[in-house]
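Accompanying notes for the structure given below.
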Amino acid sequence: MSFEAETADPRRVVVLISGSGSNLQALLDAQEHDELGGDIIAVISNKADAYGLERAREAGVIAEVVDPARFRHFHDERDRDLYDAELIRIIDHHQPDLVVLAGFMRILSKAFVLRYHGRLLNIHPSLLPEYRGLHTHQRALEEGATLHGASVHFVTEELDGGPIVVQAAVPVEADDDESTLAERVLTREHLIYPMTVRWFLDGRLQLADKGPTLDGHPLPASGLRLAPEDVSDEDL
Ligand SMILES: Nc1nc2c(c(=O)[nH]1)N[C@@H](CN(C=O)c1ccc(C(=O)N[C@@H](CCC(=O)O)C(=O)O)cc1)CN2
Ligand SMILES: NCC(=O)N[C@@H]1O[C@H](COP(=O)([O-])[O-])[C@@H](O)[C@H]1O
């Protein structure tokens with residue numbers, strides 16, 4: 001590693017959460033083992049009771065809440081824009097190189113996604129473009145899906161429609177319920193998200209005009225696909 005690389009300031013990450021924060025924990029654990037490629041500077045939640053805030057505090061990371069109730073007037077889109085403007089103000093205070101959505105359950109405004117274009121990632125619990133939106137495991141079970149999984153993508157205004165970077169597939173077992181399927185998907189999320197964040201912070205992953213590139217090579221439209229056999233439960 002060059003002198004500059006060794007002395008360069010670590011890349012800065014802000015993570016947005018709404019709930020448990022298990023993906024945040026996977027990122028914190030990667031950082032702890034010097035495997036993230038940067039530092040999580042702050043964790044911001046729209047929910048004051050998000051357990052992920054406790055995970056952040058335990059790790060000595062700034063934990064902040066931006067409560068939507070402060071911006072609830074009478075016009076949904078205006079409220080959303082006002083909320084996102086405050087979110088931007090707080091995020092920018094931390095001067096992030098990357099903003100990571102980790103179980104963040106709010107649809108972001110056009111202004112927000114444009115401001116962080118190309119440095120805003122999300123992990124979604126389905127093999128996009130299947131099952132965009134909410135309740136993905138329930139929908140997969142109801143439709144008799146035999147393959148399910150998770151996707152990491154750059155975030156754009158189109159909900160869960162941004163360019164896909166990597167996907168991890170898991171089999172749907174005959175006796176699965178929403179909980180068992182969610183757990184199987186989550187274990188893969190905890191592997192692919194730190195890996196993808198590291199690629200970005202190392203400068204290997206970029207969002208070019210024509211889509212994501214890894215080491216300068218364009219990725220397939222559905223991203224890099226990790227099949228079930230690529231990551232078995234025994235590996236976890
Ligand atoms: N503009 C974008 N915003 C967000 C994206 C995106 O791709 N573009 N990804 C989502 C993450 N997400 C699924 O991965 C998701 C989050 C929230 C919702 C949603 O319907 N939220 C409702 C509120 C739901 C609730 O409070 O329980 C809403 O915001 O009205 C769908 C998908 C993050 N944002
Ligand atoms: N639309 C966003 C979404 O559904 N995200 C999903 O929330 C779950 C809990 O995440 P967490 O344990 O990291 O809080 C995860 O499965 C994540 O993919």
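Quick caveat: nothing in here was measured; it's all calculated off a predicted structure.
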Legend entry - From CG (L207) to OG1 (T156), nearest 0.5 Å: 9.5 Å

Legend entry - With sequence neighbours excluded, residues passing side chain to side chain donor-acceptor pair (under 3.5 Å) with D81: none

For residues 127-134, which side-chain N or O atoms pair as donor and acceptor with protein atoms under 3.5 Å away, sequence neighbours left out?
residue	atom	partner	partner atom	Å
Y131	OH	E143	OE1	3.2
R132	NE	D160	O	3.4
R132	NH1	E158	OE2	2.7

Inset, instruction - Could you tell me which residues satisfy salt bridge (Lys or Arg N to Asp or Glu O under 4.0 Å) with E86, sequence neighbours excluded, listed by chain and number? - result: R70, R89

Legend entry - Sequence neighbours excluded - side-chain hydrogen bond (donor to acceptor under 3.5 Å, both in side chains) pairs with any residue from residues 92-112: E64-H94, D84-S109, D92-R115, D92-Y116

Inset, instruction - Nearest 0.5 Å please: distance from the OH atom of Y193 over to the CG atom of L24. - result: 10.5 Å

Legend entry - Contact list for residues 209-221, test side-chain hydrogen bond (donor to acceptor under 3.5 Å, both in side chains), sequence neighbours left out: R204-D215

Inset, instruction - Could you tell me which residues satisfy salt bridge (Lys or Arg N to Asp or Glu O under 4.0 Å) with D202, sequence neighbours excluded, listed by chain and number? - result: R198

Legend entry - Within residues 162-181 or reaching into it, pairs that qualify as salt bridge (Lys or Arg N to Asp or Glu O under 4.0 Å) - sequence neighbours excluded: D176-R184

Inset, instruction - Taking the side chain as every heavy atom from C-beta outward, state whether F200 and R119 have any atom pair closer than 4.5 Å. - result: yes

Inset, instruction - Could you pull out all residues at least two apart from H148 that satisfy ring pair (Phe, Tyr, Trp, His ring centres under 6.0 Å)? - result: H137

Inset, instruction - Nearest 0.5 Å please: distance from the CG atom of L121 over to the CG atom of L98. - result: 5.0 Å

Legend entry - Salt-bridge criterion met for E54 and R57 (N-O under 4.0 Å): yes

Legend entry - For A168, side chain to side chain contact (heavy atoms under 4.5 Å, CB included) partners two or more places apart: R188, I192, L226

Inset, instruction - Look at the side-chain heavy atoms of Ile, Leu, Val, Met, Phe, Trp and Tyr, link any pair under 4.5 Å apart, and say whether L214 and V166 land in one connected group. - result: yes

Inset, instruction - Is it possible for you to say whether Y51 and L101 belong to one hydrophobic cluster, with membership spreading through side-chain heavy-atom contacts below 4.5 Å? - result: no

Legend entry - Distance in Å, L16 CG paired with I90 CD1, rounded so as to fall on 0.5 Å steps: 10.5 Å

Under 3.5 Å, side-chain donor or acceptor atoms of residues 29-36 against the rest of the protein: list the pairs with distances, not counting sequence neighbours.
residue	atom	partner	partner atom	Å
D29	OD1	Q25	NE2	2.9
Q31	OE1	I40	N	2.8
H33	ND1	D29	O	2.7

Legend entry - Minimum side-chain heavy-atom gap L108-L87 below 4.5 Å: yes

Inset, instruction - First locate atom CG of L147, then atom OG of S126, and finally report the distance between them rounded to the nearest 0.5 Å. - result: 11.5 Å

Inset, instruction - Mind checking side chain to side chain donor-acceptor pair (under 3.5 Å) for S151 and listing every partner two or more places apart, or none if nothing turns up? - result: Q167

Inset, instruction - Examine L120 and L27 and state if one hydrophobic cluster contains both, with Ile, Leu, Val, Met, Phe, Trp and Tyr joined whenever side-chain heavy atoms are less than 4.5 Å apart. - result: no

Inset, instruction - Return each pair, listed once, that meets ring pair (Phe, Tyr, Trp, His ring centres under 6.0 Å) where at least one residue sits in residues 149-192; pairs must be two or more places apart or across chains. - result: none

Inset, instruction - Answer with yes or no whether the side chains of S22 and R55 bring together a donor and an acceptor at under 3.5 Å. - result: no

Legend entry - Rounded distance (nearest 0.5 Å) linking atom CG of L159 with atom CG of N122: 8.5 Å

Legend entry - Check: V99 and V155 side chains under 4.5 Å, non-hydrogen atoms: no

Inset, instruction - Check whether any side-chain heavy atom of I41 sits under 4.5 Å from a side-chain heavy atom of P96, and report yes or no. - result: no

Inset, instruction - Establish whether F112 and V14 are linked, either directly or via other cluster members, by ILVMFWY side-chain heavy-atom contacts under 4.5 Å. - result: yes

